[in-house]
Amino acid sequence: MAHKKEIEENLKFVARFYRDDTLLPREGWKQFKALHSLSNLRRNIAAAAIGIAILATAASFYYLSSSADRAVTNEEIPVPVPAQTMSPSQRSNKIKFHDASLKEVITEIERLYGVKVANLPEKEIRVTISYEGTAEDVIDTLNGLFDIDLKIEPATDLSPEKQTEEK
Amino acid sequence: MSNKEFELFFKRYYTPLGMYVMRICRDAVEAEDIVQETYSKAWEKFTDAPLPEYFRSYLYRIAHNLTIDRLRRREAENPDLISEAIMATEPTDEAIDTSERDAALWIAISKLPQRCREVFLFSKRDGLSNIEIADELGISVKTVENHMTKAFKSLRDSLEPSKGKVFFLSFL
């Protein structure tokens with residue numbers, strides 16, 4: 001009798017909540033497979049996208065670094081000019097002054113580079129500078145720093161060697 | 001664990017798990033959702049490992065916990081459901097046996113011919129008399145009785161002897 005009551009209870013419960021096409025193994029498996037195939041597909045697509053992103057980033061870094069190297073290389077390989085054909089003003093020299101008058105600086109530039117600099121301003125200017133470059137570079141820098149308009153007079157070779165020769 | 005192995009376990013325990021969950025949540029569609037989630041968790045855990053001996057217990061425990069979690073989220077709406085479910089802190093052997101019987105009946109009902117199933121559900125779910133069912137479906141009372149006999153026979157056959165007990169179904 002106990003078993004009979006138990007079964008009756010089972011039957012009532014199952015009948016009460018029964019729904020067609022629900023909680024059946026075969027259909028459930030199809031649903032599960034479809035869901036997990038889709039999950040795997042999404043996962044694979046996501047993994048592929050991440051992989052592509054990583055490769056693209058690596059390629060960008062490589063390209064940028066090799067571009068920088070080329071740029072540096074370009075800058076580091078100046079157009080060679082044979083020393084005997086290079087004028088003093090085209091040579092790179094280093095100047096260093098601390099709180100010197102502009103006049104002093106110009107005098108040194110003229111001596112070092114063998115040039116004549118014109119258009120000195122009348123106002124007193126104190127200069128503190130450490131610079132390496134050609135005469136033109138130095139003059140341009142001084143003009144930019146002090147808002148003046150120094151000019152290298154053309155076709156003047158007052159290099160120390162020339163000056164000695166003239167003497 | 002191979003896909004085939006998992007599929008066998010999946011199909012073996014799918015409906016019983018659903019019945020166990022449905023006893024707590026009282027909804028077949030939600031029960032199915034929870035069972036799917038249960039198997040998803042099992043799949044993630046055991047996809048690269050052999051299935052353990054305690055796999056059945058594992059499934060029931062996961063299903064139980066997922067059901068409780070869902071009910072807790074609906075606590076305000078169904079406080080009674082929560083108190084009943086929480087009393088059973090983990091799936092008992094008795095509850096698992098009940099779920100197996102429920103599952104056998106569920107599948108047997110699903111396999112009934114459509115009209116037979118309709119008659120059966122009108123009777124056992126809706127509590128209609130044979131006369132009322134006959135009126136509802138536009139068939140004779142005798143036909144209703146025949147359908148019910150057929151349904152009970154199928155359901156009886158679906159319940160196998162288990163653990164030395166023999167289940168009998170009475171006909172009314």
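In what follows, chains are A, B, ... by sequence order, proteins preceding strands, each numbered from 1. Bear in mind the structure is a predicted one, so any value in this text is a computation, not a measurement.
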Check whether more than 12 heavy atoms from other residues, nucleotides or ligands sit under 6.0 Å from atom CD of B:E94, and answer yes or no. no

Measure distances from B:Y13 to the heavy atoms of chain A and classify the residue's part below 4.5 Å as side chain, backbone, both or neither. neither

Nearest 0.5 Å please: distance from the CG atom of A:L145 over to the CD1 atom of A:I129. 6.0 Å

Engaged part of B:I109 at the chain A interface, taking heavy atoms whose separation is under 4.5 Å: both

Sort B:R12 into side chain, backbone, both or neither according to what part of it lies under 4.5 angstrom from a heavy atom of chain A. neither

Which salt bridge (Lys or Arg N to Asp or Glu O under 4.0 Å) pairs, counting each pair once, include a residue from residues 139-150 of chain A, with sequence neighbours left out? A:D149-A:K151

Tell me which one of B:W43, B:F46, B:F10, B:Y39 satisfies ring-ring contact (aromatic ring centres under 6.0 Å, His included) with B:F55. B:F46

Can you check salt bridge (Lys or Arg N to Asp or Glu O under 4.0 Å) on A:E9 and B:R23, steps first, answer last? CA-CA 12 Å; A:E9 191 278 330; B:R23 285 261 178 193; 2.7 Å; yes

Looking only at B:V35, B:D27, B:L121, most heavy-atom pairs under 4.5 Å shared with chain A are made by B:L121

Heaviest contributor of heavy-atom pairs below 4.5 Å to chain A, chosen from B:A31, B:S110, B:S123, B:A103, is B:S110

What part of B:S40 lies closer than 4.5 angstrom to a heavy atom of chain A: side chain, backbone, both or neither? both

For A:N10, which atoms come within 4.5 Å of any heavy atom of chain B: side chain, backbone, both, or neither? both

